[in-house]
**Student:** 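What follows is a single structure, and I will ask about it in a moment.
Note that ligands are numbered from 1 as they come in the structure, with each ligand's atoms numbered from 1 the same way. Quick caveat, the model's predicted, so the values are computed rather than measured.
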Amino acid sequence: MDGPAAGAIDVSKVYGRGDTAVRALDHVSLDFPRGRFTAIMGPSGSGKSTLMHCLAGLDTVDSGRIHIGRTDLTGLSDAQLTRLRRDRVGFVFQSFNLLPTMNAEENILLGLRLAGRRPDPAWFDTVVGTLGLQRRLKHKPGELSGGQQQRVACARALVGRPDVVFADEPTGSLDSRSGAEVLDFLRTSVRELGQTVVMVTHDPVAASYTDHGVLLADGRIAARIPRPTADAVLGALTGLGA
Ligand SMILES: Nc1ncnc2c1ncn2[C@@H]1O[C@H](COP(=O)(O)OP(=O)(O)OP(=O)(O)O)[C@@H](O)[C@H]1O
């Protein structure tokens with residue numbers, strides 16, 4: 001498919017009114033090309049979560065446009081947004097969000113099952129194999145380490161071949177070794193499997209796994225860092241007073 005996997009065009013979002021109004025996003029325009037791993041960074045309160053929630057159709061914008069592939073999200077009904085999130089967007093959260101009573105395989109396939117979609121067996125094997133989860137599929141989350149649980153969550157996000165995967169601090173609950181494994185996998189899913197991943201992170205080392213860093217400050221894009229290194233990101237964040 002042509003064009004970016006997702007994007008924002010001149011998006012603004014204000015929380016509250018009058019004296020207490022906060023401009024969380026202030027005329028943000030940004031494209032996420034297919035097959036790219038992007039980090040969204042910035043000081044606390046800079047608008048990262050708001051931007052990701054608007055991009056993923058979890059929150060609405062006050063002005064501007066959001067698109068996933070060629071679909072314009074502005075103007076979609078709640079039911080249409082729910083379907084779009086289910087079918088075309090993958091999520092990875094800091095807290096894994098796996099169902100404790102289901103084993104890894106059932107967790108990975110749950111979204112497809114609820115959508116009445118059949119998994120593509122070859123793609124399922126590719127995702128599970130890339131994540132090294134073949135021998136963990138019958139384990140429940142409580143029988144897996146944090147890193148293994150997050151790899152299950154990554155597999156769940158990717159198994160439906162979404163247009164884009166949004167990862168919100170995916171390494172925030174992991175030790176550095178497990179975090180590195182998850183980041184390595186997200187990068188592999190982009191480079192070798194052609195997926196598009198957008199990750200919100202505070203961690204300059206996590207950002208160094210990506211192809212492109214975007215720094216927000218006060219709801220605006222403050223800097224773009226192609227092929228970010230941890231030092232370059234740290235320097236830019238320090239410059240913002242983060
Ligand atoms: N539901 C809400 N109601 C009111 N204000 C909000 C709401 N959500 C976010 N904000 C405000 O909007 C601004 C941007 O918040 P946002 O959560 O997007 O920042 P962030 O960069 O993700 O921060 P953090 O790194 O701390 O998670 C902040 O000033 C925040 O207080």
**Student:** Please check this pair: side chain of Ser29 against backbone of Asp10, looking for a donor-acceptor N/O pair closer than 3.5 Å.
**Tutor:**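 The answer is yes, because a donor-acceptor pair under 3.5 Å joins these two groups.
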**Student:** For atom 30 (C) of ligand 1, is the nearest protein heavy atom closer than 4.0 Å?
**Tutor:**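 So far as the 4.0 Å threshold goes, atom 30 (C) of ligand 1 is out of reach of every protein heavy atom.
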**Student:** Is the shortest N/O to N/O distance between Val22 and ligand 1 below 3.5 Å?
**Tutor:**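 Looking only at distances, the answer is no, because the N/O contact criterion of under 3.5 Å is not met.
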**Student:** Does the residue Gly47 have a heavy-atom contact with ligand 1, meaning some pair of atoms that are separated by less than 4.0 Å?
**Tutor:**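 Gly47: in contact with ligand 1 (<4.0 Å).
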**Student:** Run the numbers on Asp59 and Lys13 for salt bridge (Lys or Arg N to Asp or Glu O under 4.0 Å), then give the verdict.
**Tutor:** CA-CA 10 Å; Asp59 203 348; Lys13 168 105 186 154; 3.1 Å; yes
**Student:** Can you confirm whether the side chains of Thr201 and Asp203 place a donor and an acceptor under 3.5 Å from each other?
**Tutor:**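 Checked: Thr201/Asp203 side chains show no N/O donor-acceptor pair below 3.5 Å.
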**Student:** Take every heavy atom of Gly219, measure it against each atom of ligand 1, and state whether any distance is under 4.0 Å.
**Tutor:**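 It does not, in that no heavy atom of Gly219 comes within the 4.0 Å cut-off of ligand 1.
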**Student:** In this structure, does ligand 1 have an atom that sits under 4.0 Å from one of the heavy atoms of Ser46?
**Tutor:**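 For ligand 1, residue contact (heavy atoms, under 4.0 Å) with Ser46 is present.
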**Student:** Find all atoms of ligand 1 within a distance of less than 4.0 Å from any non-hydrogen atom belonging to Lys48, and give their numbers and elements.
**Tutor:**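 Checking each atom against Lys48, I get 18 (O), 19 (O), 20 (P), 21 (O), 22 (O), 23 (O), 24 (P), 25 (O).
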**Student:** Going by heavy atoms, is His202 under 4.0 Å from ligand 1?
**Tutor:**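 Yes, that is the case, since the closest heavy atom of the residue is under 4.0 Å from the ligand.
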**Student:** Without swapping roles, check the side chain of Arg85 against the backbone of Gly57 for a donor-acceptor pair under 3.5 Å.
**Tutor:**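 Answer holds: yes.
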**Student:** Is there a polar contact between ligand 1 and Gly45, counting only N or O atoms under 3.5 Å apart?
**Tutor:**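 Yes, there is a polar N/O contact under 3.5 Å.
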**Student:** Quick one: which ligand 1 atoms are inside 4.0 Å of a heavy atom on Ala24?
**Tutor:**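 Within the 4.0 Å cut-off of Ala24, ligand 1 contributes 12 (O), 13 (C), 14 (C).
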**Student:** Which ligand 1 atoms are under 4.0 Å away from a heavy-atom of Pro43?
**Tutor:**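 Counting from 1, the qualifying ligand atoms are 21 (O).
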